Amino acid sequence: LYIRDTIDHLDGQLRDFQLALVARAEEHADTIMPGFTHLQTAQPVTFGHHCLAYVEMAARDRGRLADARRRLNECPLGAAALAGTSFAIDREMTAKALDFDGPTRNSLDSVSDRDFVLETLAAASITAVHLSRFAEELVIWTTPQFGFIKLTDKCTTGSSIMPQKRNPDAAELTRAKVGRIAGAFQSLLMVMKGLPLAYSKDMQEDKEVAFDALDSLALAIAAMTGMVADMEPVPETMAAAAGGGYSTATDLADWLVRVLKMPFRDAHHVTGRIVAAAEAANLPLDKLPLAEMKAVEPRITADVFKVLSPEKSVASRVSYGGTAPQNVRKMARSWRKRLEKAPAKG
C-alpha cells in the first residue's frame, strides 16, 4: 500500500516537472543554443528542444512507475505465514476493499516476493539518473565559462568566505541523491539474491532503503521542478556559443550533397578543407568569402550562405522530432494537451 501510494505521488510530481519544462519550451522555442556531443559543440539546437528532451525522459519514467504499479496491484492479504489459511476468508472481498485488482495467486510467492519494491527502486534509479543529468547541465550552464542560464537565490547559496559566489546547490544535491537511490536498489538486490522460499528475516531490510530512496527521489523531483521554473536563459550567450566551433559544418556538407549531388564522403572532405580555411582566416563559416570556398570547390554558389548561420541551420531541421522552432512549438502544444487532459493520480 505504501509503495502504491508513493508511486502515485511520484507520478504527480513528474507530471508537474513535465509541465514546467513544457512552459519553458514554449517560451524558448526560438532560443538558439549549441547542441553537444562529447560536450563539444556539435550542431545548433533550440533551448526549447533541449527542455522537451527531458519531458520525454520523464514520460518514460512515469511509464516505468505505472508498469510497476500495475504489477504490484495484487493483494497478499490472506496468504498467512506461507501456506494460506484454513479459515473461511474471502480474499476477493478484501482485495476489492483495498482497491487491488485481485488477490495474489500463490501464498508462497505472496510472502517471499519483493519484486514490487525492487521494480519500483529500479524505476526510481533511472528517474534519478535523468534528474542528475539535467542537474549536471544546470551546474555547467551556470558557470561563468558557459553563462547560459542564471538562477536566483531561491535555488542557490553563497560561499562562507567568497561573497560573489552563487552556487547551484539544489542541482548539486539532486545529482548526489542518485547514489542513495541506486544504492538502495543494489542493496535490496543483494538481500534477495540468495534467499530460499518463503520468508527470511533478511527481508525486513527492504523498508529502510525503500523509504529513504523514495523520499530522496520525491525531494529531487521537487527541487528540479523548482529550478526549471527559476532558471533564466541568457539568449545572447547561448546564440554566440551556438555559432562557435563551426557548428554548421554539417549543414555545409548536407548542402553539397543536396545541391551538388556530391557523395557524402567527398562532401565531408570538402567541408573539412573549407573549415580549415575559415579557421586560418579566423572567421565563422557564414562570414568566409565565397571566393575562398570556390577555391576548394568551384561549383559552390552564393546559395550556400542560406544554410551556414545557426539560425538557418536550426530552421532547416524540420524532420519529425527535429529542433526547428515550428516543431518545438507544435510538440510543446501536444505535450501540454496530453498532460492537462490526463492528470496524474498523485
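Residue numbers count from 1 along this sequence. Note that the structure is a prediction, hence the values are computed from the model and not measured.
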**Request:** Report the C-alpha distance between Leu118 and Phe185 in whole Å, list the side-chain angles of each, state the deciding distance to 0.1 Å, and finish with yes or no for side-chain contact (heavy atoms from CB on, under 4.5 Å).
**Result:** CA-CA 6 Å; Leu118 285 168; Phe185 174 54; 4.1 Å; yes
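- Within the 4.5 Å cutoff, side-chain heavy atoms of Ile221 are placed close to those of Leu131.
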**Request:** Begin from the C-alpha positions of Leu214 and Ile3 and carry the test side-chain contact (heavy atoms from CB on, under 4.5 Å) through to its verdict.
**Result:** CA-CA 9 Å; Leu214 298 178; Ile3 294 291; 3.8 Å; yes
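- Note: Leu77 CG to Leu1 CG = 9.5 Å, rounded to the nearest 0.5 Å.
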**Prompt:** Under the side-chain contact (heavy atoms from CB on, under 4.5 Å) criterion, do Trp255 and Asp303 qualify, and how do the steps go?
**Reply:** CA-CA 9 Å; Trp255 185 91; Asp303 182 69; 2.8 Å; yes
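- You'll find the side chain of Glu119 stays beyond 4.5 Å of the side chain of Leu72, heavy atoms only.
- Residues Thr94 and Ile89 are not in side-chain contact: their nearest non-hydrogen atoms beyond the backbone lie 4.5 Å or more apart.
- Residue-environment remark: NZ (Lys294) exceeds the threshold of 12 foreign heavy atoms within 6.0 Å.
- Using a 4.5 Å heavy-atom cutoff, the side chains of Thr142 and Met231 are not in contact.
- Tested against Ser247, the residues Val45, Thr41, Ile32, Leu285 include a single side-chain contact (heavy atoms from CB on, under 4.5 Å) partner, Thr41.
- Using a 4.5 Å cut-off on side-chain heavy atoms (C-beta onward), Asp254 and Phe264 make contact.
- We find that Glu74 and Arg105 are joined by a salt bridge, their nearest charged nitrogen and carboxylate oxygen being less than 4.0 Å apart.
- Looking at heavy atoms from C-beta onward, Leu19 lies in side-chain contact with Arg15 at the 4.5 angstrom threshold.
- Taking the six-membered ring for Trp and thresholds of 30 and 60 degrees, Phe17 and Phe134 have ring planes inclined between 30 and 60 degrees apart.
- Ring geometry for Phe211 versus Tyr2: interplanar angle over 60°, hence perpendicular rather than tilted (30 to 60°).
- With Arg91 contributing its side chain and Thr104 its backbone, the two residues share a donor-acceptor pair below 3.5 Å.
- The existence of a salt bridge linking Arg133 and Glu136 is excluded, since no basic side-chain nitrogen approaches an acidic carboxylate oxygen closer than 4.0 Å.
- With no hydrogens or angles considered, no side-chain donor-acceptor pair links Asp286 and Ser309 at under 3.5 Å.
- For the pair Arg329 (side chain) and Ala29 (backbone), a donor-acceptor distance under 3.5 Å is absent.
- Between Arg64 and Asp67 no salt bridge is recorded (no basic side-chain N to carboxylate O distance below 4.0 Å).
- Side-chain polar atoms of Ser313 and Asp251 form a donor-acceptor pair below 3.5 angstrom.
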**Request:** For the pair Leu217 and Lys177, evaluate side-chain contact (heavy atoms from CB on, under 4.5 Å) and give the outcome as yes or no after the intermediate values.
**Result:** CA-CA 7 Å; Leu217 180 60; Lys177 293 294 183 184; over 6 Å; no
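- Within the 4.5 Å cutoff, the side chain of Phe47 has no heavy atoms near those of the Glu27 side chain.
- Here the side chain of Thr120 pairs a donor or acceptor atom with the backbone of Phe116 at under 3.5 angstrom.
- Around atom NZ of Lys96, no more than 12 heavy atoms belonging to other residues, nucleotides or ligands sit under 6.0 Å away.
- The existence of a salt bridge linking Asp215 and Arg180 is excluded, since no basic side-chain nitrogen approaches an acidic carboxylate oxygen closer than 4.0 Å.
- Using a 4.5 Å cut-off on side-chain heavy atoms (C-beta onward), Arg4 and Asp99 make contact.
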